[in-house]
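All remarks here apply to the structure that follows.
Here the structure is a predicted model, which means the values were calculated and not measured. Residue numbers count from 1 along this sequence.
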Amino acid sequence: MAISPSKAMNGERAVVLIFVLRVLSSLPLALLPHALSLSLLSLFSLVVEIRVDDSPSLFKTRSGASSGIILGAVTLPTVMLSKLIQLSRAVSLQQIEIGELEHMTMQFWAASACSCGVLIFLFIVTWCAANNKNPHFSCSVWDAKFSLSCVILYSAVCCISLATISHTGFNTALKLLWLLCHGFATVKLIQHLLSTFPFCASIGEANLVTSGLVLYFGDMLACTISKVCRLLIPPELVSIRYGIKRSEIGIVIQGVLLGLLIFSAVFKFLIHLWEYFWGANNSESRERKEIWRPLIFLTSLGFIMIAVAPSWMMLVLDFDVHPVLWIFQFIFSEPFKRLSLCIYWLVLIYASVLRFYNISKNSKIERILLRKYYHLLAVLMFLPALIYQPKFLDLAFGAALAVFLVLEIIRVWRIWPLGQLVHQFMSAFTDHRDSDLIIVSHFSLLLGCALPIWMSSGFNDRPLTPFSGILSLGIGDTMASMVGHKYGVLRWSKTGKKTIEGTAAGITSVLAACSVLLPLLASTGYFLTQNWFPIFIAVTTSGLLEAYTTQLDNAFIPLVFYSLLCL
């Protein structure tokens, strides 16, 4: 039993299809296997999404949102493929080494393996549920045959592609095993995420988060293994290389995030150990627990961030000094510009937080509009820094993400004396997409602005790509919400809140910002090679996605916009 076109297509899926087709149309012939694999992944995710939407009670997902499976499954692989197209141009111009292109090829296949693993898991769950409910359910048999064909063909294309960049069959087998580990790890992580934080995310959002985490920390693990092997094994016996040349800022950010990951696990273990030995349920025990928990928190955090994380940084990269000292040296290498920028940021944050927090407590203004003021604040903070101090902004984003993670740990564990205060403050700006278990809006806004900038490091012949998060969230999304809320009449759908007027305002505002930004970039020395038609397509597609999607737009729209601007 085939799926009818009317049932298969809605607004969000149509925009995702346009997005994928736009990227595929820009591929060189050398990347034809990658195009075939992305097409198969898109078809497979479409089938899985339709079946999951028919069985919504199987998973504890965020209410009011669609499953978002196709968007979550294709976003990261398409981002990697767009970056691969960009690096292919660099190789043809002899501006990068072939090893960097091979590394990005592995990243593309790793991202695809993560999504494919999750899709296989979701399909098995829904198929088993359908068969248990109705053993004669013929549609599930058709789905199984089609999905199995997609998976087999996808695996064959993956093997052929990896064989072309591997020197031996052993290397190919090793890479396939590495991809299999990515898929398995993503499946286990998304199961843990959906069970630990029920009703906090859609499946598509959970897929994007878990795939991104596995891809990021998998790259760190591979880099560490490669470095350790080169230290322990003589190079004349075996030559092990992985990845690309890494910058000090990138390693510092990775090390800090790795340290926080280790810290959260260690802190949870120590707290459970404390409760096991001194967990008597009386007032004296609770009072002692409130005193010791902050001490355990500060001690373990300080030790890991000062000793453990820098040790990893110095292992994978040869720092001349301790990484903490390197950070201070980097800041004070241009003290006036960078310290002035820090003061500018602190003044903006203090004035904005004080003002908006008072408004949130005493005003009837909808929270969605209050949150958009923070989007405008992101433009005021990040745009000047990105133009004049991009490397310092890279480091500042990493520091801000670390602070957000520490504050979220304090809020969740109610660490005295800041736990309750942080929870009250964060709750003032939450909406239906947040919960008491985890508040994600500030993370998604920060990462939505930071990820395009981080991914644009190295070769970049498209000067607007680092600005894709700031433009799409700080300007486009904000104008669409404000204009749509005040003047919107014509709605895109009967059940949705997004209006045509708001979408038109968002698209127009981003195009206007690009028309101002491009001459400004040209005056600062950027060599502009991109014409207006691809920019128009990128802005329009991301604007339509904002109009139709019910997913967390802060997470998806910047990545989609970035991918299209890379072409």
Side-chain angles (χ1 to χ4, degrees), residues 41 44-45 48-49 52 58-62 65 67-80 106-126 128 151 176-225 253-254 256-269 272 401-402 404-405 408-409 412 433-435 437-440 443-444 447 451 551-552 554-556 559:
L41 195 67
F44 187 23
S45 60
V48 173
E49 179 174 308
V52 169
L58 289 176
F59 304 97
K60 298 177 181 180
T61 58
R62 178 166 59 86
S67 63
I69 292 174
I70 183 171
L71 180 59
V74 305
T75 297
L76 268 186
T78 310
V79 168
M80 297 302 164
M106 277 300 298
Q107 292 296 90
F108 165 76
W109 287 113
S112 300
C114 292
S115 295
C116 189
V118 171
L119 292 176
I120 293 173
F121 162 71
L122 294 174
F123 181 81
I124 292 174
V125 171
T126 54
C128 292
V151 172
L176 288 172
L177 179 61
W178 185 245
L179 298 184
L180 188 64
C181 291
H182 275 72
F184 180 76
T186 308
V187 170
K188 298 301 292 183
L189 190 57
I190 197 171
Q191 287 180 284
H192 178 73
L193 180 66
L194 292 176
S195 61
T196 307
F197 303 104
F199 309 108
C200 291
S202 68
I203 297 176
E205 293 163 357
N207 188 9
L208 181 69
V209 171
T210 53
S211 298
L213 289 174
V214 171
L215 195 66
Y216 189 72
F217 287 105
D219 183 65
M220 292 172 59
L221 178 61
C223 179
T224 306
I225 294 173
I253 294 173
Q254 283 188 320
V256 169
L257 296 181
L258 176 64
L260 289 174
L261 178 67
I262 296 172
F263 161 72
S264 60
V266 169
F267 179 68
K268 183 177 180 180
F269 172 77
H272 287 170
L401 180 59
F404 280 1
L405 287 170
E408 185 65 12
I409 294 172
V412 171
R433 292 171 294 189
D434 294 306
S435 70
L437 290 175
I438 185 170
I439 299 176
V440 300
F443 286 107
S444 62
L447 288 174
L451 285 176
Q551 306 302 301
L552 188 61
N554 288 2
F556 289 100
L559 295 177

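- With rounding to the nearest 0.5 angstrom, the CG atom of Leu260 is 12.5 Å from the CD atom of Glu408.
- Here the closest heavy-atom approach between residue Asn207 and residue Thr210 is recorded as O-OG1, 3.2 Å.
- The ring-ring contact (aromatic ring centres under 6.0 Å, His included) search around Phe267 returns Phe263, Phe297, Trp413, not counting sequence neighbours.
- In this structure, Phe443 CZ and Leu401 CG are separated by 7.0 Å, a value rounded to the nearest 0.5 Å.
- Counting heavy atoms from C-beta on, the side chains of Met80 and Leu215 come closer than 4.5 Å.
- Residues passing the side chain to side chain donor-acceptor pair (under 3.5 Å) test with Ser112, sequence neighbours excluded: none.
- For Tyr216, the side chain to side chain contact (heavy atoms under 4.5 Å, CB included) partners two or more places apart in sequence, or in a different chain, are Met220, Ile253, Gln254, Leu257.
- Of the possible donor and acceptor atoms, one in the side chain of Glu205 sits under 3.5 Å from a partner among the backbone N and O of Leu552.
- Proximity of Leu221 to Trp178: side-chain heavy atoms (C-beta onward) are separated by under 4.5 Å at one or more points.
- Two residues are said to be in side-chain contact when any heavy atoms from C-beta on lie closer than 4.5 Å; Phe123 and Val52 fail this criterion.
- The minimum heavy-atom distance between Pro198 and Ser195, with the atom names listed, is CD-O, 3.6 Å.
- With sequence neighbours excluded, the residues forming a ring-ring contact (aromatic ring centres under 6.0 Å, His included) with Phe108 are His34, listed by chain and number.
- The side-chain heavy atoms of Ser115 and Ser45, taken from C-beta on, include no pair separated by under 4.5 Å.
- The line from CD1 of Ile124 to CG of Leu119 is 11.0 Å long, rounded to the nearest 0.5 Å.
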For residues 185-193, please give each side-chain donor-acceptor pair under 3.5 Å, one per line with the distance, not counting sequence neighbours.
unit_1, atom_1, unit_2, atom_2, d
Thr186, OG1, His182, O, 2.7
His192, ND1, Thr196, OG1, 3.4
His192, NE2, Thr196, OG1, 3.4

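- To the nearest 0.5 Å, atom SG of residue Cys116 and atom CH2 of residue Trp109 are 10.0 Å apart.
- Here Ser202 contributes atom OG and Leu194 contributes atom CG; the two are 9.0 Å apart, rounded to the nearest 0.5 Å.
- Within the 4.5 Å cutoff, the side chain of Pro77 has heavy atoms near those of the Leu41 side chain.
- Looking only at side-chain heavy atoms (C-beta outward), Gln551 and Phe556 come within less than 4.5 Å of each other.
- The main-chain N or O of Leu208 is never found under 3.5 Å from a side-chain atom of Ser211 such that the two would form a donor-acceptor pair.
- Residues meeting the side chain to side chain contact (heavy atoms under 4.5 Å, CB included) test with Val151, sequence neighbours left out: Phe44, Ile120, Ser155.
- Here the CE atom belonging to Met106 is positioned 10.0 Å from the CG atom belonging to Asp219, to the nearest 0.5 angstrom.
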